[in-house]
Amino acid sequence: MRKRLLTISLATALCLAGFTACGNTDTQQETTAETEQEAEESTAENAENVENTEEADNSTEGTEADAGDDKTEEASTDGKTLDTTLWSLSYDDSVWTYEEDDLRDDEQNSTIELSIPDGDDGSLVTAEIRANITTPYSFRDDLYTYGIDEKAYVEGTNPEERVTIGGVELMKYEGSYWGSDSVRYFNRLESANETISVRIVGDVENAAVQELIDGITFNVTDVGNEDGPWYWEGEPFDVGDLSATVGSATINTSFLKMEEPYITHETFNQRICTVDNKMYILLDDNLRVYSIGDGTLTFDTEYTLDNKYSTLMSTTDGRIFMSGFSKGLIEWKDGEVVNSYSGSEIKYVEVAPDGSFGISYFTSGSDCYKITFSDGSYTAEPLAFKEIDTIQHMNVNNNHIFVCGSSAEGEDGHQVVVYDTNGNMELNLKEEGENIGLGSVTYVFETDNYYVGMDGNMRTIPVWSKDGTYQGRVEDSDLFGTGYPWFCGSTVAADGTCYTVITDERPDKSADEVLVFKMSGF
């Protein structure tokens, strides 16, 4: 078996990134390659849900047939001709090679990966030819990933170079793919309900590449398909106030509607916090600020940060903290970093509302630190959450640390363990009597009478009394009017108001939206 350009360490990271939830997948971004440390970070951050996995290939939504179905290969003057359902290829088989499992062909997907070998285990260059009869949504994600404005694409005014390959016009995108030079040609043929891609990785200037491209012919059939609406054509999310009773608890929700919907192509990583009447929404290196009104969020401004961050918290005195693995912890205000904290103990950090301490963690429950802040500096004390093997989520208030992850004691399923601020276990919150337990709790609210969880994987809101007695759970549709959301992050404002941010696909599939709700009553 020849060695892929995708290294073992990165391939392992992609596999580990998907061990807790199930759902849609995102397209792998062709930008500057991640370092191994960044790949490790991605593994840990995405281990909370399989829905955050990124594909090294453009995903197909059709079924895949066994290799060898519906394809023929014949000798030609210059080599071989390969015929599949959706394309044919004439190529020089003395230069290009492929293995049986690198060719897939059925009525909805015709894909091959060829390579020019470079020694026993390497490849000088690889070429992937892919045609899918599929919905338009992965293609639209690709436009966003590659920085192509969707409206400009529809209007035909986007500046990307277009070339004709195999009888169809494709856009050209040059970049890198896991550290190697890459060129990708791709487009969506709406009337045929078909998405086409040709990706070259490695020695993209090799003369044999153009010869291979010249040998492609795409078989396109106009079936009169019309794709669904684009995000500006679709119906924005809207829902009235909702309420549900769980055991002895009543939960009320109010949708905070944005005048301009927040469209996203990222499902899992939005975080929120509040300062006074301002709502902050973080996604990687973008921080948006909104004014909170009566049932509304009014856009104020946005900032581009110097790094991509994964956690966002505010303190009762108005400070904002953000952290990311290998990126340190910053204290931020009004567009500026006022303090930064770095060191071997600083990983992901969750900071308490009073700002006096935080908990630094990565994945292991036995390798955490309590960080105590003082005048722009910190001290670190090792802390072990012995009941948790792998941490997926954590949040902190002034009295408790909530650690969500897998049990170190071998218990099946997801665990939510409540600790005091010194790391002593107080409660293990479980869903007693449910056929299916917890999936991936992304946040735990503590109120005067209850603990309330946001279970992103199960799309439910479980509730416990303060002694740990399970009260029951509510479906997302009952409280948010949603269909299949992800609970990204939550926060408790200085006045005790609870807010949560989720993402969900519109019913008309025109877009995924970032949605913010106010929660009360429990």
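Just so it is clear, the values below take in all heavy atoms, side chains as well, and ignore hydrogens, waters and symmetry mates. Predicted model only: the values in this text are computed from it and were never measured.
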Participant: For Asp106 and Gln108, does a side-chain donor sit closer than 3.5 Å to a side-chain acceptor?
Facilitator: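 No.
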Participant: Consider only side-chain N and O atoms of Asp476 and Thr482, and report whether a donor and an acceptor are under 3.5 Å apart.
Facilitator: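 A donor-acceptor contact under 3.5 Å links the two side chains.
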Participant: Glu190 and Asn225: side-chain donor and acceptor closer than 3.5 Å?
Facilitator: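 Judged by distance alone, the side chains do not pair up.
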Participant: Counting heavy atoms not belonging to Lys278, are there more than 12 under 6.0 Å from its NZ?
Facilitator: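 Enclosed.
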Participant: Does Thr442 use its side chain to pair, donor to acceptor, with the backbone of Gly456 at less than 3.5 Å?
Facilitator: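 No; judged by distance alone, with no hydrogens or angles, the pair does not exist.
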Participant: When you measure from the side chain of Asn187 to the backbone N and O of Glu169, does any donor-acceptor pair fall under 3.5 Å?
Facilitator: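 At least one qualifying donor-acceptor pair exists.
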Participant: Can you tell me if Ser90 and Thr81 form a side-chain donor-acceptor pair at under 3.5 Å?
Facilitator: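 A donor-acceptor contact under 3.5 Å links the two side chains.
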Participant: Is the gap between the ring centers of Phe186 and Tyr173 under 6.0 Å?
Facilitator: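 Ring centres of Tyr173 and Phe186 not closer than 6.0 Å.
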Participant: Is the side chain of Trp87 donor-acceptor paired with the backbone N or O of Ser110 at a distance under 3.5 Å, no angle test?
Facilitator: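 Checking the backbone N and O of Ser110 against the side chain of Trp87, a donor-acceptor pair under 3.5 Å is found.
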Participant: Could you grab the distance from atom CD of Glu266 to atom OH of Tyr144, nearest 0.5 Å is fine?
Facilitator: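 Result: 8.0 Å between the selected atoms.
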Participant: Would you check if the distance from the ring center of Phe445 to the ring center of Tyr443 is below 6.0 Å?
Facilitator: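 Judged by ring-centre distance (under 6.0 Å), Phe445 and Tyr443 do meet the cut-off.
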Participant: Can you classify the ring geometry of Trp230 versus Tyr153 as parallel (below 30°), tilted (30 to 60°) or perpendicular (above 60°)?
Facilitator: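 Taking Tyr153 first and then Trp230, their aromatic rings sit tilted (interplane angle of 30° to 60°).
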Participant: Is Glu205 atom CD crowded by more than 12 heavy atoms from other residues, nucleotides or ligands, each under 6.0 Å away?
Facilitator: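 Not buried by this count: 12 neighbours or fewer within 6.0 Å.
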Participant: Using the side-chain hydrogen bond (donor to acceptor under 3.5 Å, both in side chains) definition, which of the options Asn286, Thr264, Thr503 pairs with Gln270?
Facilitator: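 Option passing the side-chain hydrogen bond (donor to acceptor under 3.5 Å, both in side chains) with Gln270: Thr264.
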Participant: Using 30° and 60° as the class boundaries, would you call the ring planes of Phe325 and Tyr348 parallel, tilted or perpendicular?
Facilitator: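 Phe325 vs Tyr348 ring planes: tilted.
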Participant: Compute the ring centroids of Phe517 and Phe480, then answer whether they are less than 6.0 Å apart.
Facilitator: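 That pair passes the under 6.0 Å test.
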Participant: Is a donor on one side and an acceptor on the other found under 3.5 Å between the side chain of Asn395 and the backbone of Val444?
Facilitator: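 Yes, because the side chain of Asn395 sits within donor-acceptor range (under 3.5 Å) of the backbone of Val444.
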Participant: Please check if any side-chain donor atom of Thr500 sits under 3.5 Å from a side-chain acceptor atom of Ser490, or the reverse.
Facilitator: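 Looking only at side-chain atoms, Ser490 and Thr500 do form a donor-acceptor pair, the distance falling under 3.5 Å.
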Participant: Looking only at heavy atoms, what is the nearest atom pair of Pro117 and Thr97, with distance?
Facilitator: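 Pro117 and Thr97 have their closest heavy atoms at CG-OG1, 3.7 Å.
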